[in-house]
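Okay, structure first, notes after.
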Amino acid sequence: MSTFVIFLVLIVIVAFLLIVVIMVQNPKGGGLSSSFGGGGTQQLGGVKKTGDFLDKSTWFLATALILLILASNLTIDGGNNIESKALDLDEPIELPVTPAATDDSAAQEATDTEN
């Protein structure tokens, strides 16, 4: 398995985890952090610590995603081992031959179709 494929799998996993962490959060104070903070569930950390965990994990996963994307760019083979025929100066360039119009009727037809 190539290095790029490994980076691609890691990017997909981190992106999925980032989606899950963002979906668990509620912008109005609800979500997972409010369900842990009420009643007798203080042993799980409370609202403040759960919100901090979700916030820190969001930033960590977003940073990891960006770093993985940048690192995967370094592993992409730029195609340097493939020879380009477009820049080959040793071979002569062959241009297609177009028949020249010998009479004025062909030139007149071309002007009529443009107008």
Side-chain angles (χ1 to χ4, degrees):
M1 191 160 32
S2 71
T3 310
F4 180 72
V5 174
I6 293 171
F7 275 116
L8 190 62
V9 169
L10 288 174
I11 288 170
V12 169
I13 291 170
V14 169
F16 177 75
L17 289 174
L18 185 62
I19 290 170
V20 168
V21 168
I22 290 173
M23 293 301 288
V24 165
Q25 297 176 7
N26 189 356
K28 299 196 190 289
L32 185 64
S33 60
S34 68
S35 65
F36 284 155
T41 59
Q42 291 297 325
Q43 71 271 11
L44 293 174
V47 176
K48 179 77 172 133
K49 290 185 181 179
T50 305
D52 287 343
F53 171 74
L54 292 174
D55 188 42
K56 288 179 183 179
S57 62
T58 302
W59 282 107
F60 173 76
L61 289 171
T63 305
L65 183 65
I66 291 171
L67 291 176
L68 283 172
I69 290 171
L70 291 175
S72 70
N73 190 25
L74 298 175
T75 63
I76 295 175
D77 185 21
N80 294 335
N81 55 359
I82 300 173
E83 295 181 19
S84 174
K85 300 269 185 195
L87 299 176
D88 194 7
L89 300 176
D90 294 335
E91 294 182 21
I93 299 173
E94 297 179 18
L95 298 175
V97 179
T98 56
T102 56
D103 57 12
D104 291 332
S105 63
Q108 183 64 29
E109 288 177 13
T111 341
D112 290 340
T113 57
E114 290 177 2
N115 293 331

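We're numbering straight along the sequence, starting at 1.
Counting Ile, Leu, Val, Met, Phe, Trp and Tyr side chains that sit under 4.5 Å apart, directly or through other members, Met23 shares a hydrophobic cluster with Ile19.
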Please set out all donor-acceptor pairs under 3.5 angstrom arising from side-chain atoms of residues 57-70, sequence neighbours excluded.
{"unit_1": "Ser57", "atom_1": "OG", "unit_2": "Phe53", "atom_2": "O", "d": "3.0"}
{"unit_1": "Ser57", "atom_1": "OG", "unit_2": "Leu54", "atom_2": "O", "d": "3.0"}
{"unit_1": "Thr58", "atom_1": "OG1", "unit_2": "Gln25", "atom_2": "NE2", "d": "2.8"}
{"unit_1": "Thr58", "atom_1": "OG1", "unit_2": "Leu54", "atom_2": "O", "d": "2.7"}
{"unit_1": "Thr63", "atom_1": "OG1", "unit_2": "Trp59", "atom_2": "O", "d": "2.8"}

Q: Assess whether side chain to side chain contact (heavy atoms under 4.5 Å, CB included) is satisfied between Phe7 and Thr3, documenting all intermediate values.
A: CA-CA 6 Å; Phe7 275 116; Thr3 310; 3.6 Å; yes

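Put simply, OG on Ser72 and CG on Leu8 are 8.0 Å apart, with the number rounded to the nearest 0.5 Å.
Tracing side-chain contacts under 4.5 Å through hydrophobic residues (I, L, V, M, F, W, Y), one never reaches Leu10 starting from Val12; they form parts of separate clusters.
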